[in-house]
Amino acid sequence: MSSLPTQARGAASRTANSSWLEHLTRGGLVGYGIIHLLFAWLILQIAFDGSGTDGDQSGALHRLAEKPFGTFLIVVIVIGLIAMTLWQLLEAAIGHRAERGRHRLYERIVSAGRALFYAYFAFTGVKVLRGKKASSADTQQKASEDLMASTGGRITVGLAGIVVAAIGVGLVIYGVRKKFEKHLKMSQMTAKMRRLSERLGVAGYAAKGTAYGIAGVLFLIAAVQYDSDKARGLDATLNVLSEQSYGPWLLALTALGIAAYGLFSIVQARYRKV
């Protein structure tokens, strides 16, 4: 008679190999790409139109909710994100078997991080569907204000900034070294598609990593200076860029990079190993 852990692994493996999860996950990657394309459009509006909307993914979802069929699209995106969360949880539990030793452990930890990230975006989508107006930036700022009321809280905010900055650096390295290619079905791509996915992946990860790196540094500054306005994540990053001499053009460049990541996510929907 098999042990309970063995039965659990078997059930998880069957779930991971199910076609319904694969289809939902691929749909989720499309939705994730759409969120980033909307985010890129929002950045351009902030750059050249002075839009007052929060410059983060929650702001993009709020904008989408205002459009015809926007609510329906957000529901579809949330379902896809939940599927992506489940997929990465399974990868963290039993996946990455092609890797060995510490490399497999690292990939499983990264999958756990991705699961938290996708779950956070799914939760954000649910809040938008429920009509809550508070953005991710507002939530982050309020949480930071509460934490910075004590010395221990300021240290926590500072550590969070270091972690976010490290994630940003990791994303840049991941993109520049083209590590994303090992997760794609490269043999099924044409030469033209391989070149396209490579360029989109490098540009997308570099732009996203740079944005998160700046956001992490701003969290650290917020903790040192008691300034919660800097603890607004990507929204604060865009504000800092907009204040530079060539602010609109820096934002436009950032928007192009985020759009590249969005398109790369859509490419992944077809060629990602799920």
Side-chain angles (χ1 to χ4, degrees), residues 35-36 38-48 50-63 113-114 116-117 120-121 123-124 127 133-176 203-262:
I35 291 174
H36 282 80
L38 288 169
F39 184 28
W41 174 244
L42 187 60
I43 294 172
L44 286 176
Q45 290 182 306
I46 293 171
F48 298 107
S51 172
T53 304
D54 286 310
D56 56 16
Q57 291 90 336
S58 68
L61 286 173
H62 280 295
R63 281 295 181 95
R114 288 195 188 110
L116 291 174
F117 208 63
Y120 172 75
F121 279 127
F123 178 65
T124 300
K127 287 198 298 182
K133 298 298 183 182
S135 69
S136 298
D138 291 334
T139 302
Q140 290 165 7
Q141 183 177 0
K142 181 63 170 62
S144 298
E145 286 178 353
D146 293 340
L147 282 171
M148 286 192 291
S150 66
T151 302
R154 286 177 59 211
I155 293 173
T156 300
V157 173
L159 289 175
I162 293 172
V163 170
V164 172
I167 290 172
V169 173
L171 286 173
V172 172
I173 294 172
Y174 188 84
V176 171
Y205 276 107
K208 193 170 182 179
T210 300
Y212 276 99
I214 295 172
V217 171
L218 291 175
F219 266 97
L220 190 57
I221 293 173
V224 173
Q225 298 182 350
Y226 294 89
D227 186 358
S228 62
D229 287 341
K230 290 183 172 64
R232 291 176 59 85
L234 294 178
D235 183 63
T237 298
L238 299 183
N239 286 332
V240 167
L241 292 177
S242 68
E243 292 168 358
Q244 306 309 307
S245 301
Y246 299 97
W249 301 108
L250 288 173
L251 289 176
L253 186 62
T254 302
L256 287 175
I258 296 298
Y261 186 87

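In what follows, residues are counted from 1 in the order of the sequence shown. Atoms considered below: every heavy atom in the structure, side chains included; atoms not considered: hydrogens, waters and symmetry mates.
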Nearest 0.5 angstrom please: [X] [atom1] to [Y] [atom2], how far?
X	Y	atom1	atom2	result
T210	L253	OG1	CG	9.0 Å
K208	Y261	NZ	OH	3.5 Å
L42	I35	CG	CD1	12.5 Å
Y212	Y205	OH	OH	12.0 Å

Work out which heavy atom in G257 is nearest to a heavy atom in A207; give both atom names and the distance.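 Heavy-atom minimum between the residues: CA-CB, 3.4 Å.
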To check you understand the geometry: which heavy-atom pair defines the closest contact between A260 and G204, and what is its length?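 Distance-wise, the nearest heavy atoms are CB-N, 4.0 Å.
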From the options L38, I43, L44, select the one residue that forms a side-chain contact (heavy atoms from CB on, under 4.5 Å) with W41.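 Among L38, I43, L44, the one that satisfies the side-chain contact (heavy atoms from CB on, under 4.5 Å) with W41 is L44.
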Flag yes if more than 12 heavy atoms outside F123 fall under 6.0 Å of its CZ atom; otherwise flag no.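 No, the 6.0 Å shell around CZ holds no more than 12 heavy atoms from other groups.
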